[in-house]
Amino acid sequence: MAYSRALTPRFICLRQPLQAISPRARPRNHTHSSQGRTYYSYEHDPTPPFTPAESSILSAALIHVSHHGFTASALTLGARDAGYPDVSTNLFPRGPFDLISYHLVTQRLALGTQIQFPDAKMGVGARVRALALQRLRANKAVIHRWQEVRYNVHDSLS
Amino acid sequence: MLVSRLMVELHDGDGGAHTKLDGWSSSYPILSGRMEHALLHASLSPLLPLPPKCFCASARSFGAHASLRLLTRPHAFSCLYRSFYMILLALTQGRDDCTALRRLPFPSSLSTCELQLLGVRFAIAHAKPILIHDLHTTYIYSASAKLLHSAPSLPSSSLLPSLHVLVHKCKICISSRTADAQPADVQPADPYSTLTQALAIMAQPSYVAPSLAELARLADEIWFLAGDTSVDTSWYTKRATLATLYSSTEVFMTTDTSPEYVETERFLDRRLEETRKMGGVLRDVGQWVGFTGASVVNVLRSKGVRI
């Protein structure tokens, strides 16, 4: 659905999307929107924010985040799991931040499919609350605390 | 010797262990009494409340082979750490295993405080994978940390952070040996987690701008899915308030230890309530200011001021 909108109200555009241009020629600038265009179109699907190789590596790396955290080692293990050589982590010049941004982007894009509001009775405020809570719950899936189940606080350091 | 005197204080009545330690410690020269004293006090005093059998079990599980593996790195170890550990082993094992230890090569004496602490750090760094799940070990690490804090001449600052990190990581211990039990579904008290780490990475200066952009996109997405169709400046104010609200809730979530994060939900509800109230307050204040300003202008006009 709505993938990216710059900070202007959206409008419908019938221009040829940049998907027709090959991925290499398409301008990719991280500081710009995560896709190649700044407008939104209902008629044309937006380009996915990550290439298939990137998304396979990053999704495999997210599994290792529980044990290794958002680190380069999680990325390396993800690259290995996805079947790519370890140097494939050079695809991500920003390192662990690319892993974090993958998590953020995929959770944001999944919000629309995770929650629907079939009845119109729910007020806007309640919907915002439900959506925010759902996004926080998605965070819960990736929160992994370093400690084991039972934790013993030592006072000898205090 | 200082060592044996301390042992007497700690082991009242255990004559067997005492005499063994006396004979043994004389064949292992220990370095400057001040450092040794500080380390032993720091390390052994927390051990006192625990029954000795804990240490026996842990020392055995740690294993003579593990300790011997550590001790066969003479260049990496400081004498102090080794002597402390050997004393601890002797205390816990209670048998005459010191003969095996006596056969180990003893490193040349390290005179400076820094070298000793370097040795401790190296020992900890290399001992980490073995000792991570050992209750007994966390005391060693905490003792070393205390030693670093109390050392008169501090080593280079790079030592302390790594030691702190290792000590923190060593807080992961299976507390099956301790008396108090905690229910399994309660979150641990120290919620250092992947979320905290992610927020820390996002706060780095080169990543602040992309993180804020993602936050703005998330706020936009939430409002869009909630059915917002405004086309005036409230479009911007709504997204700004939701972005700040969501980020504050996420930061709160890093400290939340309640089951199923109910506290985070309540935090979000309180912030939403505040936003609603604040919206009403701002509207009322704006109304009041407009009314007052208009009436002031009208009064002045009635007095003849050309406004």
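Numbers restart at 1 for each chain; the letters A, B, ... are given by sequence-line order, proteins then strands. Worth saying up front: this structure is predicted, and the values here are computed from it rather than measured. Reckoned from all heavy atoms, side chains included, excluding hydrogens, waters and symmetry mates.
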*CD1 of A/Ile143 to CG of B/Leu195: how many Å apart, nearest 0.5 Å?*
4.5 Å
*Contact part of B/Leu242 toward chain A, heavy-atom cut-off under 4.5 Å: side chain, backbone, both or neither?*
side chain
*Please flag which part of A/Ile100 lies under 4.5 Å from any non-hydrogen atom of chain B: side chain, backbone, both or neither.*
side chain
_Nearest 0.5 angstrom please: B/Ile201 CD1 to A/Phe97 CZ, how far?_
9.0 Å
*Hey, what do you get for NZ (A/Lys140) to CG (B/Asp256), rounding to the nearest 0.5 Å?*
10.0 Å
*Nearest-0.5 Å distance that lies between atom OG1 in B/Thr194 and atom NE2 in A/His68*: 13.0 Å
_Sidechain-backbone polar pair: B/Gln197 side chain, A/Gly69 backbone, donor-acceptor under 3.5 Å_ = no
_Proximity breakdown for B/Leu218 and chain A, heavy-atom pairs closer than 4.5 Å_ = both
*asked:* Need one label for B/Ile222: side chain, backbone, both or neither, based on atoms under 4.5 Å from any heavy atom in chain A.
replied: both
*asked:* Among B/Asp269, B/Thr264, B/Leu272, B/Thr275, which residue has the highest count of heavy-atom pairs closer than 4.5 Å to chain A?
replied: B/Asp269
*Side chain, backbone, both or neither: which part of B/Ser206 has a non-hydrogen atom closer than 4.5 Å to chain A?*
neither
_Whether B/Tyr261 side chain and A/Leu136 backbone form a donor-acceptor pair below 3.5 Å_ = no
*Which bit of B/Ala198 comes within less than 4.5 Å of chain A, counting heavy atoms only: side chain, backbone, both or neither?*
both
*asked:* I want to check something: taking the side chain as every heavy atom from C-beta on, are A/Leu131 and B/Trp223 in contact at a cut-off of under 4.5 Å?
replied: no
*Is there a side-chain contact between B/Met202 and A/Leu104, using heavy atoms and a 4.5 Å cut-off?*
yes
*asked:* For the CZ atom of A/Arg127 and the CG atom of B/Asp228, what is their distance to the nearest 0.5 Å?
replied: 11.0 Å
*Search all heavy atoms of B/Glu214 against all heavy atoms of A/Arg108 and return the closest pair with its distance.*
OE1-NE, 3.3 Å
*Heavy-atom distance under 4.5 Å between the side chains of B/Glu265 and A/Leu133, does that happen here?*
yes
*asked:* Under 4.0 Å between a side-chain nitrogen and a carboxylate oxygen: does that hold for A/Arg135 and B/Glu221?
replied: no
*Near A/Met122 CE, under 6.0 Å, is it more than 12 heavy atoms from other residues, nucleotides or ligands?*
yes
